[in-house]
Amino acid sequence: QVGLVESGGGTVQAGGSLRLSCAASGRTFSSYAMGWFRQAPGKEREFVAAISGSDGRTSYADSVKGRFTISRDNAKNLVYLQMSSLRPEDTAVYYCATGRYYGGRHRYDYDSWGQGTQVTVSS
């Protein structure tokens, strides 16, 4: 039911940075936990990062710990994914999603999904 639109993707060289944004429409945005997932061609969609609705808790996949940071601005209905030290294996379509509970790492933990934004990391 919640509308989500990702933006900020593009092509960067290995070692570079990108900041993805996810704009949400709908009521009570702060009540939703949020997550970022990614999917490369021919591969399963995988968990990247999660953030709680309003108390600041975050979690990350091991593959991105220390490189990616998830954050949100509830006053603007926005969620961000700051990505640094990008690697070619980070190339994927990145999706944001809303969840009923914080910390879910599977697709079934989330209810609404955006259309995705392409991130390509060249070597």
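As the structure is a prediction and not an experimental result, all values here were calculated from the model.
- Geometric assessment of Arg100 against the ring of Tyr32 yields a negative cation-pi assignment under the 6.0 Å and 45° thresholds.
- Looking at heavy atoms from C-beta onward, Val79 lies out of side-chain contact with Cys96 at the 4.5 angstrom threshold.
- A cation-pi geometry, defined here as NZ or CZ lying under 6.0 Å from the six-membered ring centre and within 45° of its normal, holds between Arg45 and Tyr95.
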Item to check | Test side chain to side chain contact (heavy atoms under 4.5 Å, CB included) applied to Thr120 and Val12, step by step | outcome: CA-CA 6 Å; Thr120 301; Val12 298; over 6 Å; no
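- The cluster map of Ile, Leu, Val, Met, Phe, Trp and Tyr, joined by side-chain heavy atoms under 4.5 Å apart, puts Val48 and Val93 in different clusters.
- By the 4.5 Å heavy-atom criterion applied to side chains, Val119 and Asp90 are not counted as neighbours.
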Checklist entry - Taking it one step at a time, do Tyr60 and Thr69 satisfy side chain to side chain contact (heavy atoms under 4.5 Å, CB included)? => result CA-CA 8 Å; Tyr60 300 91; Thr69 301; 3.8 Å; yes
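- Contact annotation: the side chain of Val2 never approaches that of Asp111 to less than 4.5 Å [non-hydrogen atoms, C-beta and beyond].
- Classified by interplanar angle (parallel below 30°, tilted 30° to 60°, perpendicular above 60°), the ring pair Trp113/Tyr110 is perpendicular.
- Atom CG of Leu20 is separated from atom CE of Met83 by 3.5 Å, given to the nearest 0.5 angstrom.
- Under the 4.5 Å side-chain criterion, counting only non-hydrogen atoms from C-beta, Arg67 is in contact with Arg87.
- Under the 3.5 Å distance criterion, the side-chain polar atoms of Asp109 are left unmatched by any main-chain donor or acceptor of Gly103.
- Counting only heavy atoms from C-beta outward, the side chains of Leu78 and Phe29 never approach each other to under 4.5 Å.
- In the hydrophobic clustering of this structure, Tyr80 does not group with Ile70; members are Ile, Leu, Val, Met, Phe, Trp, Tyr whose side-chain heavy atoms approach within less than 4.5 Å, directly or through other members.
- A side-chain donor from one of Tyr94 and Arg38 sits under 3.5 Å from a side-chain acceptor of the other.
- Side chain of Asn77 to main chain of Ala24: a donor-acceptor pair is present (N/O by atom type, distance under 3.5 Å, no hydrogens or angles).
- Checked against the 6.0 Å centroid criterion, the rings of Phe47 and Phe37 qualify as a close aromatic pair.
- Side-chain contact between Gln13 and Ser123 is absent, with no heavy-atom pair separated by less than 4.5 Å.
- Side-chain contact between Gln82 and Ser17 is present, with at least one heavy-atom pair separated by less than 4.5 Å.
- Between the side chain of Tyr102 and the main chain of Thr58, a donor-acceptor pair closer than 3.5 Å is present.
- Looking only at distances, a side-chain donor or acceptor of Glu6 sits under 3.5 Å from a matching main-chain atom of Gln115.
- Within the 3.5 Å criterion, the main-chain N or O of Ser7 finds no donor-acceptor partner in the side chain of Thr117.
- For the residue pair Asn74 and Gly53, the shortest heavy atom distance occurs at ND2-O, 2.9 Å.
- Side chain of Thr91 to main chain of Val121: a donor-acceptor pair is present (N/O by atom type, distance under 3.5 Å, no hydrogens or angles).
- Pairing each heavy atom of Leu4 with each of Cys22, the nearest pair is CD2-SG, 3.9 Å.
- Using a 4.5 Å heavy-atom cutoff, the side chains of Met34 and Arg72 are in contact.
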